[in-house]
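What follows is a single structure, written as structure tokens, with notes after it.
Naming: A, B, ... by sequence-line order, numbering from 1 per chain.
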2 protein chains.
Amino acid sequence: MARANAVPAVDKRRLILDAAVRVFAGQGFHTCRVSDIADEAGVAYGLVYHYFDSKDQILDTLFLERWDILLRAIQEVDAQPIPAREKLYAITSFIVDSYRHDPDLMKVIIVEVTRAANTFGRTHLAHIREAYIGIAAIVESAQREGVFRGDITPDFAALAFYGAVEQVLTGWIFALLPTGELEYEQAKTHIVETICGGLDRTEQSALAAGRAD
Amino acid sequence: MARANAVPAVDKRRLILDAAVRVFAGQGFHTCRVSDIADEAGVAYGLVYHYFDSKDQILDTLFLERWDILLRAIQEVDAQPIPAREKLYAITSFIVDSYRHDPDLMKVIIVEVTRAANTFGRTHLAHIREAYIGIAAIVESAQREGVFRGDITPDFAALAFYGAVEQVLTGWIFALLPTGELEYEQAKTHIVETICGGLDRTEQSALAAGRAD
DNA sequence: TGACCGGTTGACTGACCAGTCAATCTGTCC
DNA sequence: GGACAGATTGACTGGTCAGTCAACCGGTCA
């Protein structure tokens with residue numbers, strides 16, 4: 001009671017953003033109407049345009065909010081004094097946990113932005129690219145240290161790595177791959193194992209497989 | 001003059017499909033109008049609806065035509081008595097060469113269908129999935145033979161492999177990666193090397209890198 | 001010659017929906 | 001209490017296009 005003036009009791013802007021996540025995840029950005037978002041948020045149509053300039057801007061906001069967190073996470077991981085493989089594991093872990101924590105939001109970001117190469121993917125290309133660059137930097141130093149092979153360019157390795165991660169998330173989103181706590185944890189290891197260790201049977205992988213056999 | 005009746009001199013249907021590829025690649029499916037396709041084909045608006053039921057059906061046709069060729073290629077590759085790594089190389093090679101031969105068509109298929117998870121990607125999910133299944137089958141037999149490690153599920157490996165390939169194509173499409181004859185050939189090797197051999201430095205990879213250093 | 005038919009034309013319609021705006025409501029401050 | 005400001009409402013408008021349709025064209029066949 002003491003004070004509730006400047007800031008409204010409920011942040012309608014946030015309410016709209018959260019509703020948009022559910023609507024975008026459920027129907028897709030292009031299929032839904034702005035009125036669907038307003039209805040889902042329990043708010044009048046016009047209020048959406050009080051807080052946002054356009055339907056596009058809602059998605060832009062959702063994407064940028066989350067992607068900046070990812071970029072910061074990548075930077076922080078890279079700053080740590082740990083082996084490259086562990087850095088890649090930490091990044092994979094962050095992305096997988098993001099999905100576990102808020103599958104709808106990650107679905108929207110991947111399906112409507114990251115993979116939507118012709119619409120929002122193009123708008124945010126520079127931003128998305130920063131993630132690739134961060135990953136490539138990790139690969140590059142590992143190559144300089146002689147831990148990673150030097151014949152595959154860092155840019156290329158970064159794309160392959162990110163592509164694998166995104167495809168697995170897409171697999172979960174569209175039920176091509178089983179989901180669950182165990183699957184999420186295994187996926188982290190398996191993605192890094194595949195990209196770093198490769199599918200070929202080696203002594204270490206034979207050892208690792210031994211536990212499963 | 002002898003005969004030109006039943007079949008028209010120029011196949012207008014094909015003309016429209018080819019025009020659609022250029023228009024979709026240039027502006028994107030959702031951005032372009034049906035009249036753009038008609039104009040590009042040098043044909044009246046209504047004729048498009050003589051040959052196709054809807055704008056969607058044009059894209060469906062383009063995708064299915066090409067994807068079936070890919071699926072057949074995967075099957076043929078798998079039938080050959082060669083090591084798994086060579087099979088994966090052959091598939092990668094087929095996809096890369098498809099892009100080299102007709103970048104516009106591959107761009108449309110990837111950007112508008114394969115990666116468009118909420119629209120056409122969903123419609124053709126079962127079809128797209130068949131490619132994953134074909135790749136997973138290759139991985140599975142390699143695991144049974146003890147050539148590939150057994151602790152990563154074939155489904156998972158297939159997604160990671162296909163994800164890497166598609167991401168590299170996307171990299172070319174959006175100029176994130178340099179293009180050219182040399183790059184295409186190197187990409188084939190590097191994708192397979194990354195997924196099968198891994199990024200870690202090993203004796204073989206050190207050997208391969210030796211040539212480049 | 002004239003009936004017939006598939007191919008071809010492009011003006012038109014009907015539906016849809018993003019974004020606008022004038023009115024109303026709620027709370028604050030003097 | 002009354003003036004002011006920001007939040008909130010939802011009916012309405014303007015523009016866009018996918019898809020329709022009636023007419024036309026050119027070749028074939030009886």
Phosphate contact ([N] OP1 or OP2) by [X] side-chain N/O below 4.0 Å:
{"X": "Lys12(A)", "N": "dT8(D)", "value": "yes"}
{"X": "His50(B)", "N": "dT8(C)", "value": "no"}
{"X": "Tyr49(B)", "N": "dG19(D)", "value": "yes"}

Atom [atom1] of [X] and atom [atom2] of [N]: how far apart are they, to the nearest Å?
{"X": "Ile16(A)", "N": "dT8(D)", "atom1": "CD1", "atom2": "C1'", "answer": "10 Å"}
{"X": "Leu59(A)", "N": "dA18(C)", "atom1": "CG", "atom2": "C1'", "answer": "15 Å"}
{"X": "Leu47(B)", "N": "dA11(C)", "atom1": "CG", "atom2": "C1'", "answer": "16 Å"}
{"X": "Phe52(A)", "N": "dT20(C)", "atom1": "CZ", "atom2": "P", "answer": "15 Å"}
{"X": "Tyr51(A)", "N": "dG19(C)", "atom1": "OH", "atom2": "C1'", "answer": "18 Å"}
{"X": "Asp56(B)", "N": "dA18(D)", "atom1": "CG", "atom2": "C1'", "answer": "10 Å"}
{"X": "Ile58(A)", "N": "dA18(C)", "atom1": "CD1", "atom2": "C1'", "answer": "11 Å"}

* Residue met sooner reading DNA chain C from 5', once Tyr45(A) and Val48(B) are mapped to nucleotides ->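 Here Val48(B) is the residue nearer the 5' end.
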
* Asked: Using 4.0 Å as the upper bound for N to carboxylate O, is an ion pair formed by Asp11(B) and Arg13(B)?
  -> no

Residue pair [X] / [Y], side-chain donor-acceptor N/O under 3.5 Å:
{"X": "Tyr132(B)", "Y": "Gln167(A)", "result": "yes"}
{"X": "His124(A)", "Y": "Asp60(A)", "result": "yes"}
{"X": "His127(B)", "Y": "Asp68(B)", "result": "yes"}
{"X": "Ser93(A)", "Y": "Lys188(A)", "result": "yes"}

* Asked: Which angle, to the nearest 10 degrees, lies between the helix axes at the two ends of the helix from dT1(C)-dA30(D) to dC30(C)-dG1(D), each defined by five pairs?
  ->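 Here the helix ends are tilted 20° relative to one another.
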
* Within-4.5 Å side-chain heavy-atom neighbours: Ile91(A) and Ile138(A) -> yes

* What heavy-atom pair brings Ala20(A) and Ile58(A) nearest, and what distance separates the two atoms? ->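 That closest heavy-atom pairing would be CB-CG2, 3.6 Å.
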
* Atom of Leu159(B), atom of Val168(A) and distance for their closest heavy-atom approach -> CD1-CA, 4.4 Å

* Asked: Using a heavy-atom distance cut-off of less than 4.0 Å, which residues of residues 20-38 of chain B contact DNA chain D?
  -> Cys32(B), Arg33(B), Val34(B)

* Structure fact -> In short, salt bridge (charged side-chain N to carboxylate O under 4.0 Å, His left out) pairs touching residues 113-136 of chain B with sequence neighbours left out are Glu166(A)-Arg115(B), Arg115(B)-Glu166(B)

